Amino acid sequence: MDGVDIEDVRAAGRAIAGHLEPTPAWGSPALDEVTGARVVLKHEEVQPTGAFKVRGGLNLLAGMAPAERARGVVSASTGNHGQSLAYASGAFGARCRIVLPEPANPTKVRALRGWGAELVLHGETMEAASAHARALAERDGARFVHPADEPALIAGVGTLYLELLTAHPDLEYLFVPVGGGSGAASACLVAAAVAPGCRVIAVQSARSCAAHDSWRAGELLERPNRTALEGLAIGAGYATTQAVLRRHLSDFVLVDDDAVRAAQLLLLTHAHTLAEGAGAASLAGLLAVAPRLAGARVGIVITGGNASPAELAAVLAASPAEEPAA
């Protein structure tokens, strides 16, 4: 990746070390029984913002000059990326404005405001919100922060994979959810450097498949953005992340939203873990290809736990009889 390598990830680890503790990565025998694999769960839902992206936000703000911080940051987000920037801006005394498409998840709105972000509601899609955020940044001289095409965010997120693959160097597969692709790109970057035998598999909603289709086609594409899974609701492939995925990604799996809801329920009942939709997508991806991976040692990243009450109600409404089976 242009401008990002494993040394940038290691430097990001040093930059965020004073702000975050390493997150746990544990086995889950109950999930082993269901999937047929030997599963290790990386618990990013326990971060202070409830999601892995806080690592990227802290690394980005840590690397900004004081004068740049004084002008503030502006970005668009469905929630977790915005919380990352809000949390980091609070830590470094910077102004933070986040543009969200409507309707916005009330749980994430409350969290964003709690971390001190100024919120702007604009448009019905992430693309419309992002265009408005860019215009605000240009008007005010602030730093526009793209949620995926931003090397500092990718390096920061990479620290979670460095933690995971250092603690569990024998992982054979690593499943990573994809919206814009910063998480999958950082996973590829770290695995190639420190665990080249570990194959990274990306997972995206079939209802918002721009990153998947861009990777398959070898060119940046836009696709309808219809998923109800907020963290995966991206309608375009991004150049920075796609460049890495094309070089290092082993496979890309599409799952439907119902499969992700089933994976959320499975995490609740079998692993005592609360995951938002995007946070459960990795497990849904493993379940989709489980017969091919029987006995393999597999890493599953729970990227976030910021589920709204309505989302949890939909997950809990599923009958136990509908839980995924091996």
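It should be emphasised that the depicted structure is a prediction, and the values quoted were computed from it without experimental measurement.
- Remark: F92 pairs with H19 by the ring pair (Phe, Tyr, Trp, His ring centres under 6.0 Å) rule, at least two apart or across chains.
- We find the OG-NZ distance between S84 and K53 to be 8.5 Å, quoted to the nearest 0.5 Å.
- Looking at R71, its side chain does come within 3.5 Å of a backbone N or O of G141 through a donor-acceptor pair.
- The hydrophobic cluster containing L119 also contains L121, counting ILVMFWY residues as joined when their side-chain heavy atoms lie under 4.5 angstrom apart, directly or transitively.
- Heavy-atom minimum distance, C198 versus L165: SG-CD2, 4.2 Å.
- Using a 4.5 Å heavy-atom threshold, the side chains of K42 and H168 count as separate.
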For this session: Under the salt bridge (Lys or Arg N to Asp or Glu O under 4.0 Å) rule, what do D256 and R226 come out as? Steps first, then yes or no, please.
Result: CA-CA 11 Å; D256 62 38; R226 298 170 179 154; over 6 Å; no

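- Side-chain contact between P101 and T125: absent, with no pair of heavy atoms (C-beta onward) separated by less than 4.5 Å.
- Under a hydrophobic-cluster definition in which Ile, Leu, Val, Met, Phe, Trp and Tyr are linked whenever side-chain heavy atoms come within less than 4.5 Å, directly or via other members, L245 and F52 are assigned to the same cluster.
- For the pair S182 and I154, the tightest heavy-atom approach, listed with the atom from each and the gap, is CB-CG1, 3.9 Å.
- Note on L31 and V260: same hydrophobic cluster, where clusters join Ile, Leu, Val, Met, Phe, Trp and Tyr whose side-chain heavy atoms are under 4.5 Å apart, directly or indirectly.
- Residues T303 and A278 share a closest heavy-atom pair of OG1-O, 3.5 Å.
- Of the N and O atoms on the side chains of S28 and H270, not one donor lies less than 3.5 Å from an acceptor on the other residue.
- For the pair S130 and V99, the minimum side-chain heavy-atom distance is 4.5 Å or more.
- Between R113 and E118 there is no salt bridge, since none of the side-chain N atoms of the basic residue sits less than 4.0 Å from a carboxylate O of the acidic one.
- One finds no salt bridge joining D170 and R38 here, because no Lys/Arg side-chain nitrogen approaches an Asp/Glu carboxylate oxygen to under 4.0 Å.
- Between L162 atom CG and I6 atom CD1 the span is 5.5 Å, to the nearest 0.5 Å.
- Note: F144 CZ to E138 CD = 9.0 Å, rounded to the nearest 0.5 Å.
- In this structure, V200 is a member of the same hydrophobic cluster as L160, with clusters built from ILVMFWY side-chain heavy atoms closer than 4.5 Å.
- Q83 contributes atom CD, which lies 11.5 Å from atom CD of Q47 (distance to the nearest 0.5 angstrom).
- Aromatic ring pairs are classed by plane angle as parallel below 30°, tilted from 30° to 60° and perpendicular above 60°; the pair H122 and H132 is parallel.
- Separating the CG atom in N225 from the SG atom in C209 is a distance of 9.5 Å, to the nearest 0.5 Å.
- For S205 and T227, the side-chain atoms include at least one donor-acceptor pair closer than 3.5 Å.
- The side-chain heavy atoms of L41 and L267, taken from C-beta on, include a pair separated by under 4.5 Å.
- Here the side chain of D149 pairs a donor or acceptor atom with the backbone of T240 at under 3.5 angstrom.
- A side-chain donor-acceptor contact under 3.5 Å links D32 to the backbone of V39.
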For this session: Could you please spell out the steps behind the salt bridge (Lys or Arg N to Asp or Glu O under 4.0 Å) verdict for E219 and R246?
Result: CA-CA 10 Å; E219 60 180 313; R246 288 187 199 118; over 6 Å; no

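- Closest of all the heavy-atom pairs between V253 and A288 is CG1-CB, 4.1 Å.
- T166 places no side-chain N or O within donor-acceptor distance of the main-chain N or O of E163, the cut-off being under 3.5 Å.
- Checking side-chain atoms of H146 against main-chain N and O of A148 turns up a donor-acceptor pair under 3.5 Å.
- Among all heavy-atom pairs drawn from N306 and E311, the shortest one is O-OE1, 4.5 Å.
- No option in R14, R10, R55 other than R55 meets the side-chain hydrogen bond (donor to acceptor under 3.5 Å, both in side chains) test with T159.
- By the 4.5 Å heavy-atom criterion applied to side chains, Y161 and V301 are counted as neighbours.
- In this structure, E68 pairs ionically with R143, as a charged nitrogen and a carboxylate oxygen lie closer than 4.0 Å.
- Remark: R223 engages D213 in a salt bridge, criterion side-chain N to carboxylate O under 4.0 Å.
- The shortest distance between side-chain heavy atoms of S208 and L232 does not fall below 4.5 Å.
- Using bins of under 30°, 30° to 60° and over 60° for the plane-to-plane angle, the ring pair H212/F252 lands in the perpendicular bin.
- One hydrophobic cluster, built from ILVMFWY side chains closer than 4.5 Å, cannot hold both I16 and L189; they sit in different ones.
- Looking only at side-chain heavy atoms (C-beta outward), V255 and L287 stay at 4.5 Å or farther from each other.
- Residues S89 and V73 meet the side-chain proximity criterion, which asks for heavy atoms closer than 4.5 Å.
- Counting only distance, with no hydrogens or angles, the side chain of N59 and the backbone of L153 share no donor-acceptor pair below 3.5 Å.
- Listed here is the closest heavy atom pair of V203 and F175: CG2-CD2, 3.9 Å.
- Side-chain contact check for Q242 and S214: no donor-acceptor pair (N or O, by modelled atom type) lies under 3.5 Å.
- Atom OG1 in T241 sits 8.0 Å away from atom CG in L220 (nearest 0.5 Å).
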